[in-house]
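The chain is numbered in sequence order, starting from 1.
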Amino acid sequence: MTRALHAFLLAIRDLASPRARAILAQSLALTLLLLALSGAAIFFSARWALEHWSWLDAATRDLASILAVLGLLAGGWLLFRAVAIIVIGLFADAIVADVEGRHYPAAAARAVDVGWGQNIRLALASLGRLIGGNLLALPLYILLLVTGIGTPILALLVNALLLGRDLEAMVLARHPGRPRFGRSARWPLGLLSAAGFAVPVANLLAPLLSAAMAVHMLHLGDGNKKNDQ
């Protein structure tokens, strides 16, 4: 966990770089646009379905409407993460290259370029794991609702596991010959990242922050000297 906290603090500092700010502005704009479009599509689709369920009486339609709204609110965190994964996948190589170029120039010189096609494949694979993992955990989420706190804790743990895997794949794409992260590195990386996604406002920075943290986790783990020049 000490290594993960060190990487987290370095990643926070990386947000101040001009290149990181430019990527952040572009990714935020695209994320908010996709969220707005996705939310509008889901809302109007749900409303259309409710209006055309003529076999439901008025009281049942009202209850279904309330349940749909609650479902949308509860699923908002999942929708945001899904959109953020797609967006960060498009900018992943630029983020990793920026952090490596400034802190680990020797590693940056050895890195391979990751094209748009591979970035999109990585993003889609991450999206598939996100949806699949949370669907598998859905019965437990429902069962733990009675505890009040069990569902969010389990969601944090499930998504920490998924995010650690996603971030590892993202940074290793530029260094295909490198060994995978150990569990002791992947787990705290995913946990800190998932916690960032769960905090309102901070979750807007979480994708970029998590990507930068993953870069530091990779290179701090093998003794590379950080270059702050």
Side-chain angles (χ1 to χ4, degrees), residues 1 3-5 7-8 11 27-28 30-31 34-35 38 42 71-93 95-96 99 114 118-145 147 149-176 178-200 202-218 221:
M1 182 59 79
R3 175 177 155 200
L5 290 174
F8 176 72
S27 62
L28 274 180
L30 185 55
T31 298
L34 290 177
L35 275 175
S38 301
I42 294 172
L72 286 174
L73 292 175
W77 64 272
L78 183 60
L79 176 62
F80 175 82
R81 231 208 88 188
V83 170
I85 280 176
I86 295 173
V87 172
I88 208 65
L90 298 177
F91 293 95
D93 192 49
I95 297 168
V96 176
V99 175
V114 179
Q118 187 172 356
N119 278 334
I120 292 173
R121 286 193 296 273
L122 287 170
L124 292 177
S126 297
L127 184 60
R129 283 190 290 268
L130 168 69
I131 295 172
N134 282 280
L135 283 177
L136 287 174
L138 183 59
L140 289 176
Y141 291 162
I142 295 172
L143 286 174
L144 290 172
L145 282 174
T147 67
I149 194 172
T151 297
I153 290 177
L154 178 60
L156 176 67
L157 297 177
V158 168
N159 286 279
L161 181 65
L162 297 172
L163 267 174
R165 174 69 181 85
D166 295 339
L167 293 167
E168 175 191 56
M170 183 190 69
V171 296
L172 289 182
R174 284 173 55 84
H175 302 279
R178 295 290 301 273
R180 293 182 59 183
F181 289 10
R183 184 178 300 176
S184 61
R186 189 165 51 246
W187 174 247
L189 170 64
L191 188 60
L192 288 174
S193 300
F197 273 97
V199 179
N203 59 6
L204 297 175
L205 302 176
L208 183 62
L209 194 62
S210 298
M213 183 165 58
V215 179
H216 289 299
M217 288 288 285
L218 173 67

Point-to-point distance, once rounded to the nearest 0.5 Å, from CG of Leu218 to NE2 of His175: 6.0 Å
Where Ala155 and Asn159 come nearest, the two heavy atoms and their spacing: O-ND2, 2.7 Å
Report the distance from atom CG of Leu130 to atom CG of Leu135, rounding to the nearest 0.5 Å. 9.0 Å
Among residues at least two apart in sequence or on other chains, which ones pass side-chain contact (heavy atoms from CB on, under 4.5 Å) with Leu161? Trp187
Provide the full list of salt bridge (charged side-chain N to carboxylate O under 4.0 Å, His left out) pairs with a residue in residues 149-162, sequence neighbours left out, each pair given once. none
Can you check whether His216 reaches Met213 side chain to side chain, under 4.5 Å on heavy atoms? no
Closest heavy-atom contact between Ala212 and Val99? CB-CG2, 3.9 Å
Quick one: pull up CD1 in Ile131 and CG in Leu162 and give me the separation to the nearest 0.5 Å. 11.0 Å
Is there a side-chain contact between Asn134 and Tyr141 in this structure, where contact means two heavy atoms from C-beta onward sitting under 4.5 Å apart? yes
Donor-acceptor contact below 3.5 Å, side chain Arg186 vs main chain Phe181: yes
Taking all heavy atoms of Leu145 and all of Thr151, pick out the closest pair and write down the distance. N-OG1, 3.3 Å
Residues that Ile120 engages under side-chain contact (heavy atoms from CB on, under 4.5 Å), provided they are two or more places apart: Leu90, Leu124
Roughly how far apart are Ser210 OG and Met170 CE, rounded to 0.5 Å? 8.5 Å
Could you state the interatomic distance from CG (Leu5) to CG (Leu192), rounded to the nearest 0.5 Å? 6.0 Å
Taking only residues two or more places apart in sequence, or in another chain, which ones meet Arg180 in a salt bridge (Lys or Arg N to Asp or Glu O under 4.0 Å)? Glu168
Exercise: identify the closest heavy-atom pair between Ala4 and Pro188: CB-CB, 3.6 Å
Partner residues of Ala206 under the side-chain contact (heavy atoms from CB on, under 4.5 Å) criterion, sequence neighbours left out: Phe197
List the steps, then state whether side-chain contact (heavy atoms from CB on, under 4.5 Å) holds for Leu189 with Phe8. CA-CA 9 Å; Leu189 170 64; Phe8 176 72; over 6 Å; no
What are the two closest non-hydrogen atoms of Leu167 and Ser193, and how far apart are they? CD1-OG, 3.3 Å
Sorted by chain and residue number, the side-chain contact (heavy atoms from CB on, under 4.5 Å) partners of Ala123 (sequence neighbours excluded) come out as none
Could you report the tightest heavy-atom contact between Leu156 and Ala195, atom names first, then the distance? CD1-N, 3.6 Å
Mark yes when over 12 heavy atoms from residues, nucleotides or ligands other than Ile149 sit less than 6.0 Å from its CD1; otherwise mark no. no
Backbone N or O of Leu144 within a donor-acceptor pair of the Thr147 side chain at under 3.5 Å? yes
